[in-house]
Amino acid sequence: MEDILSLIGRTKPLFVNDLFELESDLASLCKNARFLVLGGAGSIGQAVTKEIFKRSPKALHVVDISENNMVELVRDLRSSYGYNAKEFKTFCMDIGSVEFECYFSQQETFDYVLNLSALKHVRSEKDPFTLMRLINVNIINTVKTIELSIANGVKKYFCVSTDKASNPVNMMGASKRIMEFYLARYQQDIEISTARFANVAFSDGSLPHGFNQRILKKQPIVAPKDVKRYFVTPEESGMLCLLSTLYGKAGEVFFPKLSDELHLITFSEVARKFLKQRGLEVREYKTEEEARNSFNEGIGDNEWPCLFTTSDTTGEKGFEEFFTQKEKVDFERFPSLGIIVNTEQRSEHELQSFLDNIASFQKNGLWSKKEIVNEFMKLLPQFSHLETGKYLDDKM
């Protein structure tokens, strides 16, 4: 963790004080509970699975659509912790499938269901087809798994959100904000909590993770110099999810408190620290072509080509925030955590109309991005969607 902390400009991990006070109780809660982790082989899913596994739960089942990531998760757990969980099983399934429904109905009741499944990239809104997949994963599957949890007597449901759900400007963030409305919809039937947190440093598919890939493939590093983000480590993301699962009350949203440790940093600054950690100096170029050709034209042994640009793509938010002015926040309960205790809600009619209209698009097999944006606007009238006509896939 120390290497990652230094790359995001920090010296200390988050939640140290909370863990010092809660560890004994955390261990007891995990030891006596049955957990089901959905999307457990993704970056955040693996992190929270590890936090549960190392505390010797009564049962831990992990479901994920990625076969390869699941294999690595099992190898990682066995290599790090051995055989802590009394009943540890993994299943390669889509949580929106009939196979998953059959599986769920045949299991002994779980105490906690954690849904870490998500499409997390802003680039997912570039076309209407991927955008519909984002809705299925982030909203529709959440509704389905909550209803399955209620039907099977689950005690507590957790679903991960994002800081981009607060005053969203892109479809990914807006989908998670809408997902939060559906979490509130079912609070009378099952206890549900969630968490909003920042970018997970070096998680699969993230820009910092791409820095590693560029080094391995001898390619230039490209990063925006005007976009600042909050970062948490994978371990911190897992702990935040587990704390919200075990201690969050109905309708609450956990997030990390801002402090001297958790601060904004540009992607270009992370790139500079990343290269410095590897004994490399930044050599900046002005164009993609110059940066690409640098390896052929000669570059110093201790230099690496970089292109630091200004951001002009759809959905990039100029700043990050964890809560809005309309939301009531409790800063007193935990040393390192803030808790939103009264998020906005929507009527049953509005929520059902959204699902019905999305289902109609899917049944007819025809929809446009504009039509989907209009459906989002019905639930999020203040949604400030930033459409520039440019997407991340159009850049290196």
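Every heavy atom of this structure was used, including side-chain atoms; hydrogens, water molecules and symmetry mates were not.
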Non-hydrogen side-chain atoms of [X] and [Y] separated by less than 4.5 Å:
{"X": "M171", "Y": "I135", "answer": "no"}
{"X": "E235", "Y": "F15", "answer": "no"}
{"X": "I146", "Y": "V113", "answer": "no"}
{"X": "V62", "Y": "F35", "answer": "no"}

Problem set entry | Parallel, tilted or perpendicular, as decided by the 30° and 60° cut-offs, for the rings of F354 and Y182 |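 Correct class here is tilted.
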Distance alone, cut at 3.5 Å: any donor-acceptor contact between the side chains of [X] and [Y]?
{"X": "S6", "Y": "Q277", "answer": "yes"}
{"X": "E180", "Y": "T343", "answer": "no"}
{"X": "N141", "Y": "T145", "answer": "no"}
{"X": "S43", "Y": "K120", "answer": "no"}
{"X": "S336", "Y": "D18", "answer": "yes"}
{"X": "S193", "Y": "K156", "answer": "yes"}

Please determine whether a side-chain nitrogen of the Lys or Arg among [X] and [Y] lies less than 4.0 Å from a carboxylate oxygen of the Asp or Glu.
{"X": "E125", "Y": "K369", "result": "yes"}
{"X": "K50", "Y": "D76", "result": "yes"}
{"X": "R346", "Y": "E344", "result": "yes"}

Exercise. Given the side-chain rings of F334 and F254, with only the six-membered ring counted for Trp, is the space between their centroids under 6.0 Å?
Worked result: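 Centroid distance F334-F254: below 6.0 Å, so yes.
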For this session: Measure from NZ or CZ of R278 to the centre of the six-membered ring of F274 and say whether it is under 6.0 Å with the direction within 45° of the ring axis.
Result: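 Geometry flag: set, cation within 6.0 Å and 45°.
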For this session: Go through E252 and R333 one step at a time and tell me if the salt bridge (Lys or Arg N to Asp or Glu O under 4.0 Å) criterion holds.
Result: CA-CA 12 Å; E252 292 186 336; R333 198 186 313 172; 2.6 Å; yes
For this session: Please assess E284 against R272 for the test salt bridge (Lys or Arg N to Asp or Glu O under 4.0 Å), listing each intermediate value before the final yes or no.
Result: CA-CA 11 Å; E284 285 194 58; R272 291 181 185 277; 2.7 Å; yes
Problem set entry | N69: partners by side chain to side chain contact (heavy atoms under 4.5 Å, CB included), with sequence neighbours left out |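 Side chain to side chain contact (heavy atoms under 4.5 Å, CB included) check on N69 returns A41, Q46, S66, D204.
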Exercise. Within the side chain of W367, is there an N or O that forms a donor-acceptor pair under 3.5 Å with the backbone of I372?
Worked result: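 No, because the side chain of W367 does not come within donor-acceptor range (under 3.5 Å) of the backbone of I372.
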Exercise. Rounded to the nearest 0.5 Å, how far apart are CZ of R229 and NZ of K164?
Worked result: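 Reported to 0.5 Å precision, the distance equals 5.5 Å.
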